[in-house]
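See below for the structure under consideration.
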Protein chains: 2
Amino acid sequence: MATKARNIQRREDALSHDRIVDAAIELLDAGGEDGLTFRALSERLATGPGAIYNHIADKDALLVAACDTLVARTLDAGKAGSSPRAAIRTLALALFDAMDAHPWMGAALVRAAGQSPSVRLLERLGQAIQALGVPRKGQWAAASALLHYIVGVGSHNAAQSQFARARGLARDRHLGTLSAQWAQLDAALYPFVRSVSAQLPAHDDRADFLAGIDLVLGGLASAQKK
Amino acid sequence: MATKARNIQRREDALSHDRIVDAAIELLDAGGEDGLTFRALSERLATGPGAIYNHIADKDALLVAACDTLVARTLDAGKAGSSPRAAIRTLALALFDAMDAHPWMGAALVRAAGQSPSVRLLERLGQAIQALGVPRKGQWAAASALLHYIVGVGSHNAAQSQFARARGLARDRHLGTLSAQWAQLDAALYPFVRSVSAQLPAHDDRADFLAGIDLVLGGLASAQKK
DNA sequence: ACCTGAACACCGTTCAAGT
DNA sequence: ACCTGAACACCGTTCAAGT
């Protein structure tokens with residue numbers, strides 16, 4: 001009915017940056033990084049593959065943009081107040097959960113080093129580090145250590161689930177076979193990995209991730225006390 | 001001259017797993033992950049692309065194998081004695097340098113999650129963690145936190161240099177433009193990143209990396225004191 | 001048992017031609 | 001200004017045919 005308003009009568013199905021990115025996220029969630037294809041994407045958007053290039057530079061930019069909207073969404077959700085330490089922990093967990101739900105995010109975050117999504121993240125981490133009272137000189141190192149750790153865990157887990165997916169295995173089944181492989185390693189060369197293989201299938205990734213965050217936070221606290 | 005010895009007179013140019021992996025490493029070093037192609041590889045080995053499949057399952061396995069030989073080489077070099085803490089630090093730095101010299105290694109290590117190269121690494125880290133006196137319960141979390149951090153930094157730096165390479169920029173020039181971009185961010189939204197943008201081009205990646213390792217080690221030490 | 005290399009089924013990206 | 005879709009220059013991988 002709003003036909004009189006100047007010329008906002010854009011077609012219902014008009015292409016746009018956001019519509020493309022949303023469709024890309026759906027493809028990535030459904031089929032992993034291999035599932036995102038300009039042909040599949042243009043089919044879903046009912047257009048030709050060339051049309052997408054009117055809105056996005058190339059596939060890399062598309063992946064980064066998809067990652068960016070999810071990071072932004074995740075950071076928006078995790079406002080909260082409480083202590084800086086608690087803020088860092090909940091922020092980290094929110095990212096862990098997002099990367100767990102969207103296994104392609106980890107790799108995308110790595111690829112986007114220095115670009116928008118990691119800058120968003122670095123900002124939030126940096127503000128929290130400042131609030132923690134870390135002295136100016138150490139803020140950058142602390143924030144980027146957290147960033148690298150978070151991204152490292154995320155992309156590692158992503159690779160695991162991609163590996164399992166490629167072989168058509170469920171995650172726990174994959175961890176089971178991995179644990180069996182580890183248990184059969186040479187006892188002289190791999191004592192630690194062998195000793196730890198039994199707890200591999202049952203262990204809680206999320207808790208381990210948080211334990212790593214706590215180690216960094218503990219290191220920051222003990223450095224301040226001195 | 002050794003022509004009499006049974007039938008070890010294999011052709012000088014015979015294909016083998018090791019020869020293929022060595023050639024792959026050269027291609028990866030020269031052209032990054034995009035530089036590794038079955039066609040380029042078979043050309044360098046003076047054979048057809050199909051021949052490689054007699055020795056290696058697929059491209060993923062080739063990448064993991066290439067990464068594995070470099071990780072093994074790096075770990076062999078870094079024996080040393082001294083304190084467990086010093087051992088962890090030198091081990092971490094050796095890996096940093098290897099990933100700096102071979103920027104594709106970081107991504108390959110991620111892709112090989114749970115497989116040979118990361119198992120090697122986890123073993124060494126785990127042994128050092130044990131030597132550090134970390135109680136049994138916390139050993140896995142500590143070792144994998146270090147692993148994830150190391151891999152996170154490595155793949156992050158790799159992405160940076162890949163990004164710069166794709167645009168034909170030298171690394172420092174790339175950091176310069178990145179720093180300028182950061183300085184122009186919205187002051188209300190990005191106070192931390194802006195405040196830190198100036199030190200971006202001049203900062204020492206290697207020192208920052210080590211600072212992160214020290215934070216984790218500090219966290220471990222303070223957890224033990226309690 | 002290993003190699004050869006053409007062929008297959010895809011990619012991302014470009015670009016003339018349309019509207 | 002945007003879309004269309006055929007075409008280009010690649011990929012990884014397979015497989016009949018050779019040795």
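All of these numbers come straight from a predicted model, not from anything done at the bench. Within every chain, numbering begins at 1; the chains are lettered A, B, ... in the order of the sequence lines, protein sequences first and strands thereafter.
Under the 30°/60° scheme for interplanar angles, the aromatic rings of A:Phe209 and A:Tyr149 are found to lie parallel.
Taking 4.0 Å as the cut-off between side-chain N and carboxylate O, B:Asp205 and B:Arg171 count as a salt-bridged pair.
Between C:dT14, D:dC2, D:dT14, one nucleotide has an atom nearer to the side chain of A:His55 than all others, and that is D:dC2. Nearest to the side chain of B:Pro49, among C:dA6, C:dT13, C:dC2, sits C:dA6.
Look at CG on B:Leu15: it is 17 Å from P on C:dA1, rounded to the nearest Å. Straight-line distance from the CD1 atom of B:Ile56 to the P atom of D:dT14: 14 Å, rounded to whole Å. When rounded to the nearest whole Å, the span between CG of A:Asn54 and P of C:dG18 equals 18 Å. Look at CZ on A:Phe38: it is 11 Å from C1' on C:dC11, rounded to the nearest Å. Distance, B:Lys59 NZ to D:dG12 C1': 8 Å, rounded to whole Å. In this entry the distance linking CG of B:Leu36 with P of D:dT13 reads 11 Å, nearest Å. When rounded to the nearest whole Å, the span between CG of B:Asp34 and C1' of D:dG12 equals 14 Å. Taking atom CZ of residue A:Arg39 and atom P of nucleotide D:dA6, one finds them 11 Å apart after rounding to whole Å.
Contact between B:Thr74 and B:Ala98 at its shortest, heavy atoms only, is OG1-CB, 3.6 Å.
Residues B:Ser16 and A:Thr37 each lie close to DNA chain C; by heavy-atom proximity, the contact nearer the 5' end of the strand is made by B:Ser16.
Heavy-atom neighbours of A:Arg44 CZ from other residues, nucleotides or ligands within 6.0 Å: above the threshold of 12.
Pair assignment for D:dG12: C:dC8, on the basis of Watson-Crick or G-U wobble contacts that are both within less than 3.5 Å. Pair assignment for C:dT19: D:dA1, on the basis of Watson-Crick or G-U wobble contacts that are both within less than 3.5 Å.
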